[in-house]
Amino acid sequence: MKNHNYKLKTEWTGNVGESTKSYRSYERSYTISVDGKAEINGSSDPAFLGNSKLHNPEDLLLASVSSCHLLWYLHFCAVHKILVLEYTDCAEGTMIESENGSGKFIEIILKPKIVVAEKEMIEKAIQLHHKANEYCFIANSLNFEVKHHPEITYKND
């Protein structure tokens with residue numbers, strides 16, 4: 001078994017002069033930095049006093065699942081000689097908030113729209129979503145099911 005380690009720095013940038021004196025005295029903004037990569041500016045969800053123009057942790061979780069699935073899916077398509085011409089996922093996630101303010105995701109649905117080169121590739125292309133889900137590191141780390149509703153068409157020249 002191999003170990004893969006990841007490091008990043010998350011720095012709160014929302015001290016506007018009053019520290020955390022009260023719940024409304026600070027901004028929820030932060031910066032995520034990974035050596036050699038572009039920074040990600042984030043905030044909390046607007047429902048929790050965050051900046052709607054910045055990515056929030058919920059966005060990033062959904063993006064992690066969607067992009068991990070995409071990468072595994074493309075890998076298996078390449079292995080099976082499925083020629084993917086386009087791939088766009090309009091993923092959706094549902095988080096529930098408890099009365100005490102805690103919460104958790106209960107569902108993510110990936111809705112990839114894929115264009116393959118030939119009609120004969122569609123059936124296998126659909127099947128490979130299950131395999132991609134089995135291998136996705138992020139989906140395997142979650143305590144709920146990731147569902148898939150793919151729509152696959154072929155390029156009609």
Side-chain angles (χ1 to χ4, degrees), residues 4 6-14 23-24 26-34 37-80 82-156:
H4 300 269
Y6 302 90
K7 293 181 181 181
L8 61 78
K9 178 175 78 172
T10 302
E11 183 177 3
W12 173 50
T13 58
Y23 184 67
R24 296 188 179 273
Y26 61 96
E27 292 180 1
R28 275 67 178 164
S29 54
Y30 57 88
T31 302
I32 299 171
S33 304
V34 177
K37 298 180 183 181
E39 286 187 346
I40 297 171
N41 294 313
S43 184
S44 63
D45 184 288
F48 309 108
L49 303 181
N51 183 335
S52 64
K53 296 187 184 321
L54 299 177
H55 296 292
N56 59 57
E58 296 81 9
D59 293 335
L60 298 174
L61 175 65
L62 189 57
S64 293
V65 173
S66 178
S67 58
C68 184
H69 184 86
L70 160 74
L71 296 169
W72 275 110
Y73 182 77
L74 295 176
H75 167 78
F76 289 122
C77 283
V79 168
H80 290 274
I82 306 294
L83 303 175
V84 175
L85 305 175
E86 299 174 25
Y87 185 114
T88 304
D89 185 11
C90 295
E92 297 179 4
T94 302
M95 184 185 79
I96 57 171
E97 185 181 351
S98 302
E99 287 183 26
N100 69 2
S102 68
K104 65 180 180 177
F105 270 78
I106 59 168
E107 177 179 71
I108 286 180
I109 302 173
L110 304 181
K111 298 179 178 183
K113 292 187 179 191
I114 300 159
V115 178
V116 295
E118 299 171 8
K119 185 177 184 178
E120 297 75 27
M121 297 176 174
I122 292 176
E123 186 176 332
K124 186 65 175 178
I126 291 170
Q127 293 172 2
L128 290 177
H129 281 285
H130 299 290
K131 187 162 184 144
N133 189 63
E134 289 174 20
Y135 280 76
C136 174
F137 307 133
I138 308 302
N140 285 329
S141 301
L142 302 174
N143 65 357
F144 57 89
E145 180 184 7
V146 175
K147 299 175 183 172
H148 309 92
H149 297 228
E151 180 183 312
I152 302 178
T153 58
Y154 67 98
K155 178 134 178 123
N156 194 2

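Here, residue 1 is the first one in the sequence, and each next residue gets the next number. Since this is a predicted model, take the numbers as computed values, not measurements.
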May I ask you to decide if [Y]'s main-chain N or O and [X]'s side chain share a donor-acceptor pair within less than 3.5 Å?
X	Y	value
Ser66	Leu62	no
Asn140	Glu134	yes
Ser44	Gly50	yes
Trp72	His129	no
Asn41	Thr31	no

If every non-hydrogen atom of [X] is compared with every non-hydrogen atom of [Y], which pair is closest and at what distance?
X	Y	result
Ala117	Leu85	CA-CD1, 3.8 Å
Val65	Cys136	O-SG, 4.4 Å
Tyr87	His69	OH-CD2, 3.4 Å
Ser67	Ser64	OG-O, 3.4 Å

Going through the checks in order, is the side-chain contact (heavy atoms from CB on, under 4.5 Å) test met by Asn133 and Leu110? CA-CA 10 Å; Asn133 189 63; Leu110 304 181; 5.9 Å; no
Any chance you could measure [X], atom [atom1], to [Y], atom [atom2], to the nearest 0.5 Å?
X	Y	atom1	atom2	result
Ile82	Ile122	CD1	CD1	10.0 Å
Lys37	Leu8	NZ	CG	9.5 Å
Ile152	Glu86	CD1	CD	13.0 Å
Tyr30	Ser43	OH	OG	7.0 Å
Asp45	Asn56	CG	CG	5.0 Å
Ile106	Glu145	CD1	CD	12.0 Å

Under 4.5 Å between any side-chain heavy atoms of [X] and [Y], yes or no?
X	Y	result
Ile108	Glu92	no
His80	Leu128	yes
His148	Tyr73	no
Arg28	Asn51	no
Ile109	His149	yes
Leu61	Phe105	yes

Working for side-chain contact (heavy atoms from CB on, under 4.5 Å), residues Tyr6 and Val34: CA-CA 9 Å; Tyr6 302 90; Val34 177; over 6 Å; no
With a sphere of 6.0 Å drawn around OH of Tyr135, does it hold more than 12 non-hydrogen atoms of other residues, nucleotides or ligands?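 For Tyr135, atom OH is not crowded (no more than 12 foreign heavy atoms under 6.0 Å).
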Is it true that the NZ or CZ of Arg24 lies under 6.0 Å from the centre of Tyr26's six-membered ring and within 45 degrees of the ring axis? no
